[in-house]
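In listed order, ligands and their atoms are each counted from 1.
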Amino acid sequence: MNKITVIGAGTMGNGIAHVFAQHGFEVALMDSSVKSLERALQTIGTNLDRMIKKEQIPPGERQKILDRIRTSTEIGSAVEGATLVVEAIPEVPELKHSLFSQLDALCPPETILASNTSSISISKLAAATRRPEKVLGMHFMNPVPVMQLVEVIKGYSTSEETGQAVMELARKLEKTPVLVNDYPGFIANRILMPMINEAIYSLHEGVAGVEAIDTVMKLGMSHPMGPLKLADFIGLDVCLSILQVLYDGFGNPKYAPCPLLVNMVTAGRLGVKSGTGFYSYERGVKEAVVARDFAGKTV
Ligand SMILES: NC(=O)c1ccc[n+]([C@@H]2O[C@H](COP(=O)([O-])OP(=O)(O)OC[C@H]3O[C@@H](n4cnc5c(N)ncnc54)[C@H](O)[C@@H]3O)[C@@H](O)[C@H]2O)c1
């Protein structure tokens, strides 16, 4: 596998293109938006500069890595010759289903089709193609160049061979892949999201305030960031939609999203991206100090 196509050049897609190019792969990065492609190349350049400063890559590598990335807004030419396509478009089931069916029509039968989805069923995406044995999840973590894990998800019909090929590929990126089966939330979000939800319930029930909850988990459990701040970074709307996938998928009330989370999303308090979540980011993330409960009281 030496030619990879990445579809979607947003937060995740640019990072995925970056790590493949850094490890010697030819990358076609495709997005329907020219602006996204321009931003992606800028972000990759900035991230490479940071890596050079930290002496993680030699300065001479920068241009070589960038030269391995070809951008395109045209899907047909982008997938030409690709042995693997990694999809990183928004988490909207209809969008992804239709893209997988299009990719199936465009790519030769041996091409592996992977999705970076956080929560959409891989078996369902596979069912939109005529090659379900060659469809799987390749769930990178944000920020991709930094995070070690790749959760590799086998759908109901994914072949052993496809799973192993992608595990091997992730190792070539110097990542640590973990193979899991296709159930709602896979492993990462099945465990992370109920923890975040429980932190929100604890706040909602007045057990403790925002900073107290985060401090307990940071200092008591050695988490690098408390669950409420992490939720702000992920986006409260994203947390809510993943919890809904878990709730619908398992039909178990233990996954029911906390009403405070639902209220905050309804009110447009989405975390870092909207400027306010459990913390206020209006003065920049680094200065986030204000933690208010939903009633507006400082906690
Ligand atoms: N952001 C995260 O922290 C994170 C972490 C893990 C997994 N994910 C998953 O990764 C995927 C992408 O998330 P993101 O945060 O990078 O999204 P994003 O919104 O930052 O980027 C999505 C990109 O896809 C492009 N796009 C939309 N429709 C397209 C189409 N039909 N063809 C080509 N390009 C199209 C958009 O222009 C945009 O540039 C989602 O499935 C998400 O659940 C996100």
Side-chain angles (χ1 to χ4, degrees), residues 5-19 28-44 47 71-79 82 85-107 113-122 124-125 128 135-153 170 175 177-178 180 182 184-193 196 225 229-246 270-274 277:
T5 299
V6 180
I7 314 267
T11 310
M12 297 306 286
N14 84 65
I16 297 168
H18 171 150
V19 294
L29 178 58
M30 186 268 164
D31 198 292
S32 45
S33 145
V34 177
K35 270 218 172 103
S36 278
L37 288 170
E38 287 169 356
R39 250 199 321 264
L41 287 180
Q42 247 173 24
T43 305
I44 295 170
N47 289 339
T71 58
S72 167
T73 52
E74 211 278 301
I75 191 164
S77 60
V79 298
V85 178
V86 184
E87 166 277 311
I89 68 168
E91 191 78 345
V92 179
E94 301 72 38
L95 274 186
K96 291 203 197 263
H97 292 153
S98 113
L99 179 60
F100 269 73
S101 128
Q102 194 182 6
L103 288 172
D104 187 47
L106 287 169
C107 299
L113 306 180
S115 174
N116 188 54
T117 179
S118 309
S119 61
I120 292 170
S121 159
I122 299 300
K124 256 195 199 160
L125 291 178
V135 175
L136 83 179
M138 195 174 188
H139 185 200
F140 289 86
M141 306 290 134
N142 187 20
V144 182
V146 176
M147 298 293 281
Q148 191 62 38
L149 177 72
V150 181
E151 196 178 25
V152 177
I153 303 123
K175 301 287 185 198
V178 173
V180 310
D182 182 29
F186 318 132
I187 286 294
N189 282 316
R190 179 171 179 168
I191 294 174
L192 176 65
M193 287 302 157
I196 286 177
M225 188 187 281
K229 187 170 270 185
L230 179 57
D232 275 356
F233 273 87
I234 294 171
L236 301 194
D237 51 339
V238 174
C239 293
L240 177 60
S241 84
I242 297 175
L243 278 162
Q244 262 153 357
V245 168
L246 292 173
L270 307 181
V272 176
K273 66 175 129 180
S274 73

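At the top of the distance list for atom 27 (C) of ligand 1, counting protein heavy atoms only, stands Pro90 CD, 3.3 Å. Summary of contacts: the protein heavy atom closest to atom 38 (C) of ligand 1 is Asp31 OD2, 3.4 Å. Here the protein heavy atom with the shortest distance to atom 41 (O) of ligand 1 is Glu91 OE1, 2.5 Å. In this structure, atom 10 (O) of ligand 1 lies nearest to the protein heavy atom Asn116 ND2, 2.9 Å. Counting protein heavy atoms only, atom 8 (N) of ligand 1 is closest to Ser118 OG, 3.3 Å. Of the protein's non-hydrogen atoms, the one nearest atom 21 (O) of ligand 1 is Gly10 CA, 3.3 Å. Looking at atom 13 (O) of ligand 1, its nearest protein heavy atom turns out to be Met12 CG, 4.0 Å.
Ligand 1 has a nitrogen or oxygen under 3.5 angstrom from a nitrogen or oxygen of Ser36. For ligand 1, none of its N or O atoms has an N or O atom of Glu87 under 3.5 Å away.
Close to ligand 1: Lys96, with a non-hydrogen atom less than 4.0 angstrom away. Between His139 and ligand 1 there is a heavy-atom distance shorter than 4.0 Å.
Inter-residue side-chain proximity for Val144 and Met12 is flagged as met; some heavy-atom pair is nearer than 4.5 Å. The closest side-chain heavy-atom distance from Glu151 to Ile187 is below 4.5 Å.
Contact detail for Ser121 and Asp182: the closest heavy-atom pair is OG-OD2, 3.4 Å.
Atom CG of residue Leu236 and atom OG of residue Ser274 lie 7.5 Å apart, to the nearest 0.5 angstrom. Between the CZ atom of Phe186 and the CD1 atom of Ile242 there is a distance of 9.5 Å, given to the nearest 0.5 Å. Atom CD1 of residue Ile234 and atom CG of residue Leu240 lie 12.5 Å apart, to the nearest 0.5 angstrom.
Between the side chain of Asp104 and the main chain of Phe100, no donor-acceptor pair closer than 3.5 Å is present. Looking only at distances, no side-chain donor or acceptor of Asn189 sits under 3.5 Å from a matching main-chain atom of Ser119. With hydrogens and angles disregarded, no donor-acceptor distance shorter than 3.5 Å links the side chain of Lys96 to the backbone of Glu91.
Distance check for atom 17 (O) of ligand 1: every protein heavy atom is found at 4.0 Å or beyond.
The atoms of ligand 1 that sit less than 4.0 Å from any heavy atom of Phe140 are 6 (C). Short contacts between ligand 1 and Ile7, defined as distances under 4.0 Å to a heavy atom of the residue, involve ligand atoms 33 (C).
Which of Leu99, Val238, Asn142 comes nearest to atom 3 (O) of ligand 1 through a heavy atom is settled by distance: it is Asn142. Counting only non-hydrogen atoms, the option in Leu95, Thr117, Ile89 that gets closest to atom 11 (C) of ligand 1 is Ile89.
Here Ser32 has heavy atoms under 4.0 Å from ligand 1 in both its backbone and its side chain.
Salt bridge annotation for Lys273-Asp232: absent, with no cationic side-chain nitrogen under 4.0 angstrom from a carboxylate oxygen.
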Worked verdict on Val86 versus Thr5 for side-chain contact (heavy atoms from CB on, under 4.5 Å)
CA-CA 6 Å; Val86 184; Thr5 299; over 6 Å; no

